[in-house]
Asker: 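Once you've had a glance at the structure underneath, I'll fire off some questions.
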Amino acid sequence: MPGKHRHFQDPEVGCCGKYFLFGFNIVFWVLGALFLAIGLWAWGEKGVLSNISALTDLGGLDPVWLFVVVGGVMSVLGFAGCIGALRENTFLLQFFSVFLGLIFFLELATGILAFVFKDWIRDQLNLFINSNVKAYRDDIDLQNLIDFAQEYWSCCGARGPNDWNLNIYFNCTDSNPSRERCGVPFSCCVRDPAEDVLNTQCGYDIRLKLELEQQGSIYTKGCVGQFEKWLQDNLIVVAGVLVGIALLQIFGICLAQNLVSDIKAVKANWITHGDGYKLLNKQHLEKQWLILTISEGSVGSAASELSREGPGLNPTA
């Protein structure tokens, strides 16, 4: 049976997609490493790294967890996508796609459940805020986060100022010796624009007054209701940001899968041919497009074909 040979263009890995995915992920890798470093530094400053049990002793949320978790996830994804694209490693690229896809579906499921079970989410949010109100003085980062939220949304407590009875420093019991008894944090106070210096004692004894008298001095609305109102007022912006994040994730998955397909196509071309012929790829000078397929037992007939291509192409080598 005479030897067969075919000339065709080699499949190639697209450089644009490869290096765009590399650049796309190296930014996430660097940002993730930065977030993670900030989180670990904050824990080091608070002595958490030398006493790991402190992570569970805090009754509320430690905001540093956000930096550590987000930074860790971004670092892992950035590393897998960056190195996978640069080294054309299909395992890392598949890991990147699956991990990113899992995050996308978790976000989608969370959004759907939050829309369907709105009342349950509201109750859980109330419980979450109140648990953090209890731990207000236990962690400086949590304290700053609560103060920021109350000032930004002009609110006080989960449902109202009386939620601060849950905190041992602010409750109104007779056995409470704290100077902050029956008060609220300064972040609940209505700021006077004329004041140049922040009055951190503005909330002292405020809840001893009648509710009508409180309204001019502190915010009387709860943070859960104010947060819902803020979402409604900024629905287009919030939806735009969420859709943008989702599209960015889908784009990253598609880009990685396209690169994996290119890599597999190149590998398949170098191993076997569909008709059972073995592929022998030899480069001569600048002719990288030449691929000669040789059937088994036809090396001699193929040698004359190779000799016409020029010296240096020896199929028996």
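Side-chain atoms are counted along with the backbone in the values below, which use heavy atoms only and exclude waters and symmetry mates. In this chain, numbering begins with 1 at the start of the sequence shown.
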Asker: Taking all non-hydrogen atoms of both residues into account, name the closest pair between Phe186 and Asn199 and its distance.
Answerer: CB-O, 3.9 Å
Asker: Quick check for you: to the nearest 0.5 Å, what is the distance between Ile26 atom CD1 and Leu31 atom CG?
Answerer: 11.0 Å
Asker: Can you confirm whether Val266 sits close enough to Glu88 that some side-chain heavy atom of one is under 4.5 Å from a side-chain heavy atom of the other?
Answerer: no
Asker: Side-chain atoms of residues 243-255: list all donor-acceptor pairs with protein atoms under 3.5 Å, sequence neighbours left out, distances to 0.1 Å.
Answerer:
residue, atom, partner, partner atom, Å
Gln249, NE2, Glu107, OE1, 3.2
Gln249, NE2, Glu107, OE2, 3.3

Asker: Roughly how far apart are Asp119 CG and Gln124 CD, rounded to 0.5 Å?
Answerer: 12.0 Å
Asker: A side-chain contact here means heavy atoms from C-beta on lying under 4.5 Å apart; do Trp29 and Ile83 qualify?
Answerer: yes
Asker: For the residue pair Val76 and Phe99, what are the closest heavy atoms and their distance?
Answerer: CG1-CE2, 3.8 Å
Asker: Is it true that atom OH of Tyr169 has more than 12 heavy atoms of other residues, nucleotides or ligands lying nearer than 6.0 Å?
Answerer: no
Asker: Is the closest side-chain heavy-atom distance between Glu228 and Arg122 below 4.5 Å?
Answerer: yes
Asker: Taking 4.0 angstrom as the limit, do Asp163 and Lys134 come out as a salt bridge?
Answerer: no
Asker: Is there a donor in the side chain of Asp147 and an acceptor in the side chain of Tyr136, or the other way round, less than 3.5 Å apart?
Answerer: yes
Asker: Starting at CD1 of Ile38, measure out to CG of Leu66 and round the result to the nearest 0.5 Å.
Answerer: 12.5 Å
Asker: Check the surroundings of atom CG in Leu102: do more than 12 heavy atoms from other residues, nucleotides or ligands lie under 6.0 Å from it?
Answerer: yes
Asker: Would you find a donor on one side and an acceptor on the other, under 3.5 Å apart, between the side chain of Arg181 and the backbone of Cys172?
Answerer: yes
Asker: Can you see whether Thr173 engages Asn171 through a side-chain donor-acceptor pair at a distance of less than 3.5 angstrom?
Answerer: yes
Asker: Are Arg179 and Asp205 side-chain neighbours, meaning at least one heavy-atom pair lies under 4.5 Å?
Answerer: yes
Asker: Any side-chain donor paired with an acceptor under 3.5 Å for Thr220 and Gln215?
Answerer: no
Asker: Are Ile129 and Trp120 joined in one hydrophobic group, where the rule is that I, L, V, M, F, W and Y side chains link up if heavy atoms are under 4.5 Å apart?
Answerer: no
Asker: Please report the shortest heavy-atom distance between Val64 and Ala42, naming the atom on each side.
Answerer: CG2-CB, 3.7 Å
Asker: Return each pair, listed once, that meets disulfide bond (SG atoms under 2.5 Å apart) where at least one residue sits in residues 82-140; pairs must be two or more places apart or across chains.
Answerer: none
Asker: Between Leu77 and Ile103, is any pair of side-chain heavy atoms under 4.5 Å apart?
Answerer: yes
Asker: Between atom CG of Asn130 and atom CZ of Arg159, what is the distance when rounded to the nearest 0.5 Å?
Answerer: 6.5 Å
Asker: When you measure from the side chain of Arg137 to the backbone N and O of Asn167, does any donor-acceptor pair fall under 3.5 Å?
Answerer: no
Asker: State plainly whether one hydrophobic cluster holds both Leu259 and Val98, where clusters connect Ile, Leu, Val, Met, Phe, Trp and Tyr through side-chain heavy atoms under 4.5 angstrom apart.
Answerer: no
Asker: Are the gamma sulfurs of Cys188 and Cys155 separated by less than 2.5 Å?
Answerer: no
Asker: Looking at Gln150 and Gly157, would you say the former's side chain and the latter's main chain have a donor-acceptor pair under 3.5 Å?
Answerer: yes
Asker: So, the side chain of Ser75 versus the backbone of Ala33: is there a donor-acceptor pair under 3.5 Å, distance only?
Answerer: yes
Asker: Assess the pair Trp153 and Tyr219: is the distance between their ring centroids shorter than 6.0 Å?
Answerer: no
Asker: According to side chain to side chain donor-acceptor pair (under 3.5 Å), who are the partners of Gln201, at least two apart in sequence or on a separate chain?
Answerer: none
Asker: Please examine the side chains of Leu34 and Val30, heavy atoms only from C-beta on, and report whether any two atoms are closer than 4.5 Å.
Answerer: no
Asker: Nearest 0.5 Å please: distance from the CD1 atom of Ile206 over to the CH2 atom of Trp164.
Answerer: 15.0 Å
Asker: Determine the minimum heavy-atom distance between Gln94 and Lys264, stating which atoms define it.
Answerer: NE2-NZ, 3.7 Å
Asker: Examine distances only and state if a side-chain atom of Asn234 and a backbone atom of Val237 form a donor-acceptor pair shorter than 3.5 Å.
Answerer: no
Asker: With a 4.5 Å cut-off on side-chain heavy atoms, are Gln232 and Val238 touching?
Answerer: no
Asker: Taking Phe95 as the starting point, is it possible to reach Leu93 by hopping between hydrophobic residues whose side chains are less than 4.5 Å apart?
Answerer: yes
Asker: Keeping Glu180 on the side-chain end and Pro185 on the backbone end, is there a donor-acceptor pair under 3.5 Å?
Answerer: no
Asker: Report yes if some heavy atom in the side chain of Phe227 is under 4.5 Å from a heavy atom in the side chain of Leu231; otherwise report no.
Answerer: yes
Asker: Is the SG-SG separation for the cysteine pair Cys223 and Cys156 below 2.5 Å?
Answerer: no
Asker: How far apart are the closest heavy atoms of Ile146 and Asn132, and which atoms are they?
Answerer: CD1-O, 3.4 Å
Asker: Which atom names give the shortest non-hydrogen contact between Ala80 and Phe96, and what distance separates them?
Answerer: CB-CB, 4.2 Å
Asker: Applying the 4.5 Å side-chain criterion to the ILVMFWY set and letting contacts propagate, would Phe79 and Phe35 be lumped into a single cluster?
Answerer: no
Asker: Identify whether Val70 and Phe28 are in the same connected component of the hydrophobic contact network (ILVMFWY, side-chain heavy atoms under 4.5 Å).
Answerer: yes
Asker: Is any side-chain N of the basic residue among Asp62 and Lys46 closer than 4.0 Å to the acidic one's carboxylate O?
Answerer: yes
Asker: Between Phe22 and Tyr19, how do the two ring planes meet: parallel, tilted or perpendicular, split at 30° and 60°?
Answerer: perpendicular
Asker: Working to the nearest 0.5 Å, report the span between CD1 of Ile263 and NZ of Lys18.
Answerer: 7.5 Å
